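All of these numbers come straight from a predicted model, not from anything done at the bench.
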Amino acid sequence: MDYDCPEGKEYLLQDVPTIFQQVDTPPKIGNFAAITEHNLLNSARRSLNASFIWLIWSKQKYTSDIETLNLNFDTEMTWVYPETDLDRFTLYDLYKINYSWPIYGTKAGYWSPRRGLHITLTQYKYTRRNDMKGIVFTAALLVNNMPLRNLQEELVKPENRMKDAMATYHYRLFQMLELSYNFSVIIKPTSLYGYVVENGKLEGLSLMMKNREVDFSVSGLFINQARYMCMDYINARTWKYRSLVLFRHPPVTGAYGAVLLTPFEMNVWISCAGMWVLVILTIRFVSWIETSISDFSATSHDEETVRSWSDSLMIIVGTISEQGTTMDSKWISWRTALLAACILSVMVNTSYSASLVSSLLSTPTKTIRTIRDLIESSLQFAAEDISYSVGLFALNPDPLVHELYEKKMAPPNTPYYKRDVAILKMRKEYFAFHTEPMKVYPQIRETYTEEEKCELTEVVIFPPEYCYVALPWASPYKEAIAIAMRKVIQSGIINYQDQLWLATKPPCMMKEQFMSVDMEKISPAFLIVGIGIILAIILLIGEIAMKRRNKSDVSNLA
């Protein structure tokens, strides 16, 4: 463009109201093309940015009359003027750090008819513009659990790192960006990220971005469609948001006496019962054959037995309990059946005893592993009292999460708790708390007992998600900040910060300790003995009554 031409100069410097006066009709959709044709590429519309490459021709070097140009930090503008004494044209690269600051010009090279084009700027644009001369920007930062007085001093104190991990993490990261471009920020704190609800109302950080109240967002944000209408993002991730449900797993009760049945699966119990029935039938059949076709004499001093069903049952009971039997037979078939029953009994009892002891002494199983398990459990449930918890639960469209909210969090329940209150509640009650684990693990490590740490259980509701640095739309600093952030990531500083900020789950130190068996687990065995004694007494009373009745009948007949 020829700057010395009046039309060209006006085109570059003209104001928007002047352009509107030149248009016959108001700026409506019908004549938008006409307006764009006249005023899109001018300073007043702040279009002197990286979207276009500008080549300005003039007979003189750029002068103070262009100081009013709204050049962006990312502007691609080359000013060309002739140097007649040197027989060449000199090129200058022009940009501004801020609209109110002076124009900075860097000699880019020259062109001559004899030598052609010679470019001296070999560095990338943002490498040679890495000095922002100490400019002070305004930046938004979401702050929780920290004093706002002397906030920037509080953010760098090590003792405040876990009070608000995301704020301290991102501020430390932003300090590296300040060093990269020699700028500083004034923090504008807020306690709300800002979510777009049904009525479209914005608040907190999202409202600041949309209204361009700040130049950057120090805090990282999730990318979603609603927010993308209010702000722009750089394509370099920062914080890895990982949230979990933490709770002390309640003891697994199950059905009464289930512990005595757990060593074997149901098909094993059915197979064992079938084999014992088969052994009883075999012994009873052999005994019947023996007493039917041969002369049988009792081996005891009692009355001659007839080898009844009860006799066969007592043989099996003695075999299962490994107590043996007083009955005997000279037939090899009978003794073979009894030997097979004894071998089966030894094998079953060995496997059962080993499995039972192992299940009683092993670490209790944890049955709450999914969202559905949480919904159906007796645990109380709440989330951390922080702004983004509302979007995660109350506004979540996932039907399973919605069911969890309605059953466990909606009134009359208390849906949100402060972190310190929830940690204490987890210790005293069976209470599930949704939070970022790295915020609570240090405190749990210091306050919980070893047994309570071993009971600590994690359930994932939401998959991990990365946060990104946000800027107002059409920010001239987007690409510069993105480049600096990618350098931070590639140099390993992000991974180093993750190791400093992200705490791990407190280890359980009781895995090798002996586990005692409580009365609840073996009480069914005592119950069986008690029932057997009561049943024996009842049968004894019945037998005595029948005996007396028989004697009475005999006396009457006599």
Side-chain angles (χ1 to χ4, degrees), residues 144-146 157-170 172 238-253 361-371 373-374 377-386 388-389 392-393 404 408 414 416-467 494-516 518:
N144 292 285
N145 305 317
M146 287 185 62
K157 292 181 179 179
E159 59 268 23
N160 290 335
R161 183 177 295 169
M162 289 300 106
K163 289 184 179 179
D164 195 334
M166 288 191 71
T168 56
Y169 179 96
H170 282 102
R172 176 63 184 136
T238 58
W239 179 267
K240 183 180 181 181
Y241 177 76
R242 177 175 174 263
S243 62
L244 297 172
V245 178
L246 300 176
F247 56 92
R248 289 172 47 236
H249 200 289
V252 181
T253 55
L361 300 183
S362 61
T363 304
T365 57
K366 296 182 178 180
T367 57
I368 304 177
R369 297 178 181 144
T370 63
I371 305 178
D373 296 336
L374 275 173
S377 71
S378 60
L379 290 169
Q380 301 179 59
F381 181 83
E384 184 177 357
D385 188 10
I386 196 168
Y388 58 73
S389 293
L392 291 176
F393 291 97
L404 176 65
K408 298 282 188 177
T414 303
Y416 308 109
Y417 279 87
K418 292 294 184 182
R419 192 187 310 160
D420 293 339
V421 177
I423 293 175
L424 183 61
K425 191 175 178 67
M426 284 170 55
R427 188 177 184 185
K428 293 184 177 180
E429 307 172 22
Y430 288 114
F431 170 75
F433 182 55
H434 183 271
T435 183
E436 285 188 87
M438 50 80 57
K439 295 180 181 179
V440 299
Y441 278 158
Q443 189 171 348
I444 289 176
R445 186 179 289 107
E446 295 175 359
T447 58
Y448 279 37
T449 64
E450 291 300 325
E451 183 178 357
E452 290 168 343
K453 292 177 185 177
C454 293
E455 293 175 351
L456 199 63
T457 307
E458 300 176 345
V459 172
V460 178
I461 294 183
F462 307 104
E465 188 173 354
Y466 283 108
C467 298
I494 288 285
N495 292 335
Y496 175 72
Q497 285 213 154
D498 289 346
Q499 294 177 11
L500 292 179
W501 262 262
L502 302 181
T504 57
K505 181 180 178 182
C508 175
M509 307 303 292
M510 297 178 59
K511 292 183 178 179
E512 302 300 329
Q513 185 172 341
F514 180 78
M515 303 293 295
S516 300
D518 55 19

From CA spacing to verdict: side chain to side chain contact (heavy atoms under 4.5 Å, CB included), Q497, R172
CA-CA 9 Å; Q497 285 213 154; R172 176 63 184 136; 2.7 Å; yes
Among all residues two or more places apart in sequence or in another chain, which pass the salt bridge (Lys or Arg N to Asp or Glu O under 4.0 Å) test with R161?
none
In this structure, CZ of R369 is separated from CG of L374 (nearest 0.5 Å) by 12.5 Å
Between N160 (side chain) and K157 (backbone), is there a donor-acceptor pair under 3.5 Å?
no
Roughly how far, to the nearest 0.5 Å, is the CG atom of D420 from the CG atom of N145?
7.5 Å
What pairs with E465 under side-chain hydrogen bond (donor to acceptor under 3.5 Å, both in side chains), at least two apart in sequence or on another chain?
none
Regarding Y169 and D498, is there a side-chain donor-to-acceptor distance under 3.5 Å anywhere?
yes
Contacts of R427 meeting salt bridge (Lys or Arg N to Asp or Glu O under 4.0 Å) (sequence neighbours excluded), chain-then-number -> E452
Establish, yes or no, whether a centroid distance under 6.0 Å links the rings of Y417 and F381.
no
So, for A382 and F431, which heavy atoms are closest and what is the spacing to 0.1 Å?
CB-CZ, 3.7 Å
Is there a side-chain contact between S378 and Y430 (heavy atoms, below 4.5 Å)?
no
Does K418 have any salt bridge (Lys or Arg N to Asp or Glu O under 4.0 Å) partners at least two apart in sequence or in another chain, and if so, which?
D385
Decide side chain to side chain contact (heavy atoms under 4.5 Å, CB included) for V245 and F247; before the verdict, give the C-alpha distance in whole Å, the side-chain angles of both, and the deciding distance to 0.1 Å.
CA-CA 7 Å; V245 178; F247 56 92; 4.0 Å; yes
Quick one: do D373 and V459 satisfy side chain to side chain contact (heavy atoms under 4.5 Å, CB included)? Show the steps, please.
CA-CA 10 Å; D373 296 336; V459 172; over 6 Å; no
Checking T435 against I386 for the side chain to side chain contact (heavy atoms under 4.5 Å, CB included) test, could you report, in this order, the C-alpha distance in whole Å, the side-chain angles of both residues, the deciding distance, and whether it holds?
CA-CA 9 Å; T435 183; I386 196 168; over 6 Å; no
What's the spacing between E384 CD and F433 CZ if we round to 0.5 Å?
5.0 Å
Using side-chain heavy atoms (C-beta onward) and a distance below 4.5 Å, is K408 in contact with S377?
yes
Side chains of H434 and S243 only: does a donor on one sit below 3.5 Å from an acceptor on the other?
yes
Under 3.5 Å, side chain of T168 to main-chain N/O of M166, donor-acceptor pair present?
no
Nearest heavy atoms of R445 and T504, plus distance in Å
NH2-O, 2.8 Å
To the nearest 0.5 Å, atom CD1 of I461 lies from atom CG of L404 at 5.5 Å
Using only atom types and a distance under 3.5 Å, with no angle test, would you say the side chain of D164 pairs donor to acceptor with the backbone of N144?
yes
In this structure, CD1 of I444 is separated from CZ of R248 (nearest 0.5 Å) by 11.0 Å
Taking salt bridge (Lys or Arg N to Asp or Glu O under 4.0 Å) as the definition, give me every residue that meets it alongside K453, ordered by chain and number, with sequence neighbours left out.
E450
What heavy-atom pair brings M438 and W501 nearest, and what distance separates the two atoms?
CE-O, 2.9 Å
Heavy-atom closest pair (L379 atom, P250 atom, distance to 0.1 Å) is CD2-CD, 4.2 Å
Is the side chain of H249 donor-acceptor paired with the backbone N or O of I368 at a distance under 3.5 Å, no angle test?
yes
Measuring centre to centre across the rings, with the benzene-like ring taken for any Trp, is W239 within less than 6.0 Å of Y466?
no
Do the side chain of Y448 and the main chain of I423 share a donor and acceptor less than 3.5 angstrom apart?
yes
side-chain hydrogen bond (donor to acceptor under 3.5 Å, both in side chains) partners for K505, two or more places apart:
none
Scanning both residues in full, the closest heavy-atom pair of P464 with K240 reads CB-CE, 3.7 Å
